[in-house]
Amino acid sequence: MTPTELSAALVIILRRMQDDGRIGAGELPSDVVVERPKNREHGDWSTNVAMQLASKFETNPRALAALLAAELQLLDGVAKVDIAGPGFLNITFSAEAAGELAKIIVEAGNAFGSSEALAGLKINVEFVSANPTGPIHMGGTRWAAVGDSLSRILEAQGAEVTREYYFNDHGAQIDRFARSLLARAKGLPAPEDGYGGAYIQDIADRVLADTAEDILALPEDEAQEAFRAAGVALMFEEIRISLHDFGVDFDVFFHENSLYESKAVDRAIARLRELGHIFELDGAVWLRSTTFGDDRDRVVIKSDGEHAYIAGDLAYYLDKRERGFDRCLYLLGADHHGYVPRMMALCAAFGDEPGVNLEILIGQMVNLLRDGEPVRMSKRAGTVVTMEDLVEAVGVDAGRYALARSSSNSQLDIDLEQLTKRTNDNPVFYVQYAHARTKQVEKNAASLGVDRSEFEPSLLVHPSESELIAKLAELPRIVASAAEFREPHRVARYVEEVAGAYHRWYDNCRVTPLSGGPAETIHRTRLWLNNAAGIVLKNSLDLLGVSAPERM
RNA sequence: GCCCUCGUAGCUCAGUGGAUAGAGCAAGAGCCUUCUAAUCUCUUGGUCGCUGGUUCGAUUCCAGCCGAGGGCACCA
């Protein structure tokens, strides 16, 4: 019996009670929340369903709870059902029923925690999407960690996920980048509106070295074009490698320029014109986004004939939908939140449902600290701290974990000093250590002849044992909610709790017999639980893109 | 002025209407002849920014205010 099964059983009981008239008609919830109560005296699992549904069925919570309790008593594995307070149902499993979970997990292996809840859904997750004008800064790095983890979580729910990077290789920013490269190659200072930072010199030098002809001898505009093409390609490659080294591999790098080359932009505008959402004013072409809640209409083609940035967005969104994505997730930094209304408006203008077909997540800023002081200097970029700086300072695992363990709605302060410590104030080591312990125990067990030839879950009665089992049981629910709310940090918080429960269990319950004693049923049974914990830790860390070492 | 996010322990942060608000760190005290002491045990620590509202019940939902950060282009 797992909490998931208990939840399903409650729904069935409610439906049956409705069928034979013990409660009135009315819509039943598809899912009943079953929680682990904070207070151990409140049983193994608890639900507030009676309080939530009582008024709907014109009864009082305790009376409904009593009806449910009588039915729950009859379930296999339920040892005790209490009604507490205003109408909580507190359910206690028998040790045997609870312990069965260890075997379920071991047999499920890396599939434990996954489901097919989102099967058949095609989801496009677009993140990072930093301009190829410099290294990836911390905002992009946060989304690299969180976006990749979110993608893994959605995949674990059965969705077909495409990780996509929108590569902005068109427009004025790129021109500035090209002018900066050219200026630096000539030994001139960076243009007023250009890019500084040592990496500009690196790229400029490499462009010169990689090109056979003498670019600097070309006319100004041709030279700039040569630097643009070669510089963007080099920067692109560098970004791709940084991301790969960070454990993030994109399925699609989508080049903005391709939308113009393929005339997709013109087609998207034509489509909106057919739908009646385009008008002309003052020589410019506008999208009437105010129809869909934007606070002002938006210029799509400027009066000088150039496309505004949103023209690319229109075509890009349409392209995603035409590629068959049911959901298009955009993961943007806080400095882009002002785009949300116009993006939602363009979604609606195409006849789609904002917030469903197009969904935008906003990530707040990340501040790096060292000894409480903000870190501002970066060797290469000069003014911003980059993904590579973070990796160099703390490594990939600690970096990804720190970025993924808190809500992206909150600004985040990361202390580099803390992350480099190999102690408990660095949560990623706490969790990885727990996993390494499960592996070490497994190895010791094998050498002492403890195997999984027996499984007697009724022996798993120590309090730390039932705590651990209950915690392991929550993984499927945690993954489902992390996917539903697009919040990978739920997995990180959860895995820390699992690690804590495992360490406490390890401290109390031995898998291998003391000093050469005989291996008994209890030891063999505990080996199942040990391995189950290892699987849950591993599966959770996988979802975060953090390694699960076998020894540390 | 308008918009978005945030405000919870000394610090970094969990907690999407429930029971006595949690974790780690920091501070203090313990446990290594026994599977990894990067572990574990115990102690200290709170006006959940403020004021109202909604209800059986609000840290959670709503409104206003205060504070922090970020945005408000025919820039990209």
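Every chain is numbered from 1 and lettered A, B, ... according to where its sequence line falls, protein lines coming before strand lines.
- Inter-residue side-chain proximity for A/Asp295 and A/Pro341 is flagged as unmet; no heavy-atom pair is nearer than 4.5 Å.
- Comparing B/G71, B/U39, B/G18 against the side chain of A/Tyr433 picks out B/U39 as the nearest.
- Within the 4.0 angstrom heavy-atom criterion, base atoms lie near A/Ala284.
- Distance A/Lys302 NZ to B/C75 P: 4 Å, rounded to the nearest Å.
- Listed by chain and number, the residues in a salt bridge (Lys or Arg N to Asp or Glu O under 4.0 Å) with A/Arg486 are A/Glu359 (sequence neighbours excluded).
- Remark: side-chain polar atoms of A/Ser149 are paired, donor with acceptor, to backbone N or O of A/Leu543 under 3.5 angstrom.
- B/A38 atom P lies 10 Å from atom OH of A/Tyr506, rounded to whole Å.
- Atoms CG (A/Leu332) and P (B/C72) sit 14 Å apart, rounded to a whole Å.
- Residue A/Ser410 places no side-chain atom within donor-acceptor reach of the base of B/C6, judged by atom type and a 3.5 Å distance cut-off alone.
- Taking atom CG on A/Asp507 and atom P on B/C32, their separation rounds to 12 Å, with Å as the unit.
- Here the side chain of A/Asn409 is nearest to one of B/U39, B/A19, B/C6, namely B/C6.
- For A/Asn90 against B/A19, a side-chain N or O and a base N or O form a donor-acceptor pair under 3.5 Å.
- Comparing atom distances between the A/Arg437 side chain and each of B/A37, B/G69, B/C75 picks out B/A37 as nearest.
- The base of B/A14 does not come close enough to the side chain of A/Ser407 for any donor and acceptor atom to sit less than 3.5 Å apart.
- Comparing B/U36, B/C3, B/A19 by their closest approach to the side chain of A/His337 singles out B/C3.
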